[in-house]
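Every heavy atom of this structure was used, including side-chain atoms; hydrogens, water molecules and symmetry mates were not. Everything numeric here is computed off the predicted structure, so don't read it as measured data.
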Amino acid sequence: SSSPFAGKTVVITGTLSKYSRTEAQELLRSHGAIVTDSVSKKTSYLVLGENPGSKFDKAKSLGVKIIGEAELKKLAK
């Protein structure tokens, strides 16, 4: 797959406005992403929603690329 998510580990944090969490996970998986629940140095992207928790702080400290819903939608085209 030529998707930017192909083979990448992605974590979702916070509440998304355009997708349910399940829809976002399915969208990412359909583009070849590995969706996990915890941020680690293997995480490629953090999808950031409203009211993120500690995953956001951990992703920032590890230098993970943080994207919002608009960028998720654009990259998943």
**Q.** Heavy-atom pair with the smallest gap, counting every atom of Ser38 and Val11
**A.** O-CG2, 3.5 Å
(Q) Between Leu48 and Thr13, is there a side-chain heavy-atom distance shorter than 4.5 Å? (A) yes
Q: Measure the shortest side-chain to side-chain distance between Leu46 and Val39 over non-hydrogen atoms and say whether it is less than 4.5 angstrom.
A: yes
Q) Is the backbone of Asp37 close enough, under 3.5 Å, to the side chain of Lys55 for a donor and an acceptor to pair up by distance? A) yes
Q. Just by distance, do the side chain of His31 and the backbone of Ser3 share a donor-acceptor pair under 3.5 Å?
A. no
Q | Qualifying residue, where the test is side-chain contact (heavy atoms from CB on, under 4.5 Å) with Val35 and the options are Gln25, Glu26, Arg21 | A | Gln25
Q.
Could you tell me if Ser17 and Glu50 have a donor-acceptor pair between their side chains, going purely by distance under 3.5 Å?
A. no
Q.
Would the distance check show the side chain of Glu69 and the main-chain N or O of Gly49 forming a donor-acceptor pair, the cut-off being under 3.5 Å?
A. no
Q.
Between Glu71 and Lys65, does any NZ, NE, NH1 or NH2 come within less than 4.0 Å of an OD or OE carboxylate oxygen?
A. yes
Q: Find the distance between CD1 (Ile12) and OH (Tyr19) and round it off to the nearest 0.5 Å.
A: 10.5 Å
Q.
I want to check something: taking the side chain as every heavy atom from C-beta on, are Thr43 and Leu62 in contact at a cut-off of under 4.5 Å?
A. no
Q) So do the side chains of Lys8 and Ile34 get within less than 4.5 Å of each other, counting heavy atoms only? A) no
Q) Does one hydrophobic cluster hold both Tyr45 and Leu27, with members joined at side-chain heavy-atom distances below 4.5 Å? A) yes
Q. Looking at side-chain heavy atoms only, is the closest gap between Val47 and Leu16 below 4.5 Å?
A. yes
